[in-house]
Amino acid sequence: MSYQVQDVTAGKPIKLWTEGVPVEDDARKQLMNTAQMPFIFRHLAVMPDVHLGKGSTIGSVIPTQGAIIPAAVGVDIGCGMMAARTTLTAADLPDNLHGLRSAIETAVPHGRTPPRQSRRDKGAWENPPEAVDAMWASLLPGFARITEKYPRLKNTNNHKHLGTLGTGNHFIEVCLDEADHVWFMLHSGSRGVGNAIGNLFIELAQADMRQHIANLPDKDLAYFEEGSEHFADYVDAVGWAQDYARRNRDVMMVNVVAAARQVIAKPFTADVEAVNCHHNYVQRETHFGSEVLVTRKGAVSARKGELGIIPGSMGARSYIVRGLGNEEAFCSCSHGAGRSMSRNEARRRFTVDDQIKATAHVECRKDSEVIDEIPMAYKDIDAVMHAQRELVEVVHTLRQVVCVKG
DNA sequence: ATGTCC
């Protein structure tokens, strides 16, 4: 067995797949808070990229019965990864990759695309292409159902954010696998509208519980009880936002491939071994013979044979993995390497020169605004992969050659 | 992460 069990007074046990990886005391304390919630099913499962989050810990799997915690999913509902293997190899790429990066940056609006009309439109389409209109039309019936009851959600970037990257940690990469096959990989979520849905229901949960909220270990553990009106509405809205996030990644991948075709002479296809997985979401699943709501906050589903994506930091390796269906981990794995220091600490400790050296082999931004993404601010990905060897096996090892940061 | 009556 490659996991440790920590017993919690007046709570469910915590099972940690963190062998050889440091777990901060603040993250441990937060896990113990969550483990005390009476509706946790069996135990919490902790992934090796665990670190402190808002309300509950990033890199954890929170199975519940009869209740749901909206702040555990958080505001970037449906955030996740998509990767597609192409029929290209490294030799088909141009010698200078700057043109490929520019083509991708033009094809996909991102955080640094200038605001269109107001700052609120940052990173949005000015005029969404037809494929985005068609995708939005397929999402609209669900959105109309939600906004009929929660009209304030209409006033969000929804249609104009579909197929756009966002900012911060969201990125698009061109990678090479162990056989020099070219892959496209991207990381994004449900953008403005998912954020608004997350925030709305986090507020509603706290308002619904205002009489008892002082009894919770943390106000961000406020929950909806199954059978209540807001529980049903949240399950509906969070599921819709997760669909939006998945389709957001689908649209971007199509546009990344189209951009690449503009600068790569050789014809190619890109749907070989496509993977599209959430790592910030909740859904109903069956575990140990019972129906359970499984919240994965910075964790990926890893049922037996299921493909997933574990990205390393900028300049480190990333992995396409196959689930081993480890039931004790509720069939899950980590969603990345995990930070080893805060963004602020990384900015204090490293310089632009350090970032240039650490990303010498990658065509990417190397300015002061991305120092917090420097590889040294992340845990050792080899240790993280070793700690979860009973959760997933590696199918492909990818190294980045181009990285577009939002 | 997003949006900006913080």
Side-chain angles (χ1 to χ4, degrees), chain A residues 49 51-59 69-82 108-126 143 146-147 150-172 186-204 206 219-220 237-238 240-249 251-252 277-282 295-299 311 313-314 335-336 338-339 342-344 346-347 365 369-373 377-378 403-406:
Chain A
D49 58 344
H51 58 280
L52 189 73
K54 184 175 157 68
S56 49
T57 321
I58 298 161
I69 307 169
V73 178
V75 294
D76 197 0
I77 297 168
C79 184
M81 298 289 309
M82 182 167 184
V108 181
H110 62 281
R112 292 174 74 86
T113 303
R116 303 298 181 178
Q117 278 143 358
S118 68
R119 293 169 70 151
R120 197 177 165 281
D121 287 329
K122 189 175 67 173
W125 294 105
E126 187 170 17
F143 192 59
I146 295 160
T147 55
Y150 302 98
R152 80 150 111 153
L153 294 171
K154 284 184 195 164
N155 183 30
T156 51
N157 277 314
N158 40 67
H159 183 170
K160 284 191 170 185
H161 265 180
L162 188 60
T164 72
L165 184 64
T167 57
N169 197 18
H170 290 163
F171 61 79
I172 302 171
L186 56 89
H187 174 218
S188 188
S190 53
R191 309 288 286 106
V193 65
N195 186 290
I197 288 171
N199 275 313
L200 170 63
F201 283 94
I202 290 167
E203 275 174 39
L204 286 173
Q206 292 181 357
K219 71 173 171 41
D220 285 317
V238 80
W240 180 87
Q242 286 164 193
D243 281 348
Y244 180 103
R246 184 182 300 279
R247 292 177 203 197
N248 181 39
R249 293 190 290 270
V251 170
M252 278 189 281
C277 59
H278 300 317
H279 53 224
N280 226 23
Y281 70 113
V282 59
T295 298
R296 294 194 177 85
K297 186 180 182 73
S313 61
M314 236 170 151
H335 83 312
R339 297 195 73 88
S342 71
R343 292 183 183 279
N344 283 335
R347 285 200 193 91
R365 277 171 61 194
E369 287 178 52
V370 294
I371 289 177
D372 54 342
E373 289 292 336
Y378 284 84
C403 177
V404 173
K405 279 277 176 199

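Chain A is the first sequence line, chain B the second, and so forth, proteins listed ahead of strands; every chain is numbered from 1.
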Exercise for review: For A/Asn199, answer base if it contacts any base atom (sugar-phosphate contacts may also be present), sugar-phosphate if it contacts only those atoms, and nothing otherwise; contact means non-hydrogen atoms under 4.0 Å.
Suggested key: nothing
Check your understanding: Heavy atoms under 4.0 Å, any strand shown: does A/His161 hit a base, just sugar-phosphate, or nothing?
Key -> sugar-phosphate
Check your understanding: 5'-most contact on DNA chain B: A/Asn155 or A/Asp76, nearest heavy atom basis?
Key -> A/Asp76
Does [N] have OP1 or OP2 under 4.0 Å away from a side-chain N or O of [X]?
{"X": "A/Asn157", "N": "B/dG3", "answer": "yes"}
{"X": "A/Arg191", "N": "B/dT2", "answer": "yes"}
{"X": "A/Thr167", "N": "B/dA1", "answer": "no"}

Whole-Å distance between [N] [atom2] and [X] [atom1]?
{"X": "A/Glu203", "N": "B/dC6", "atom1": "CD", "atom2": "P", "value": "12 Å"}
{"X": "A/Lys297", "N": "B/dA1", "atom1": "NZ", "atom2": "P", "value": "11 Å"}
{"X": "A/Arg339", "N": "B/dA1", "atom1": "CZ", "atom2": "C1'", "value": "14 Å"}
{"X": "A/His170", "N": "B/dG3", "atom1": "NE2", "atom2": "P", "value": "12 Å"}
{"X": "A/Leu153", "N": "B/dT2", "atom1": "CG", "atom2": "C1'", "value": "14 Å"}
{"X": "A/Asn169", "N": "B/dT2", "atom1": "CG", "atom2": "C1'", "value": "14 Å"}
{"X": "A/Asn248", "N": "B/dT2", "atom1": "CG", "atom2": "P", "value": "10 Å"}
{"X": "A/Leu165", "N": "B/dT2", "atom1": "CG", "atom2": "P", "value": "8 Å"}

Exercise for review: Go through B/dT2, B/dA1, B/dG3 for me and flag the one nearest to the A/Lys122 side chain.
Suggested key: B/dG3
Practice item. Using the side-chain contact (heavy atoms from CB on, under 4.5 Å) rule, pick out the option among A/Val404, A/Thr164, A/Leu186, A/Asp76 that qualifies with A/His170. Key: A/Asp76
Check your understanding: In Å and rounded to the nearest 0.5 Å, what is the OH to SG distance from A/Tyr281 to A/Cys79?
Key -> 12.5 Å
Exercise for review: Output the distance between atom CD (A/Gln242) and atom CZ (A/Arg247), rounded to the nearest 0.5 Å.
Suggested key: 12.5 Å
Exercise for review: May I ask you to check whether A/Gln206 and A/Asp220 show a side-chain donor-acceptor distance below 3.5 Å?
Suggested key: yes
Review point. In this structure, which one of A/Arg249, A/His279, A/His335 forms a side-chain hydrogen bond (donor to acceptor under 3.5 Å, both in side chains) with A/His187?
Key: A/His279
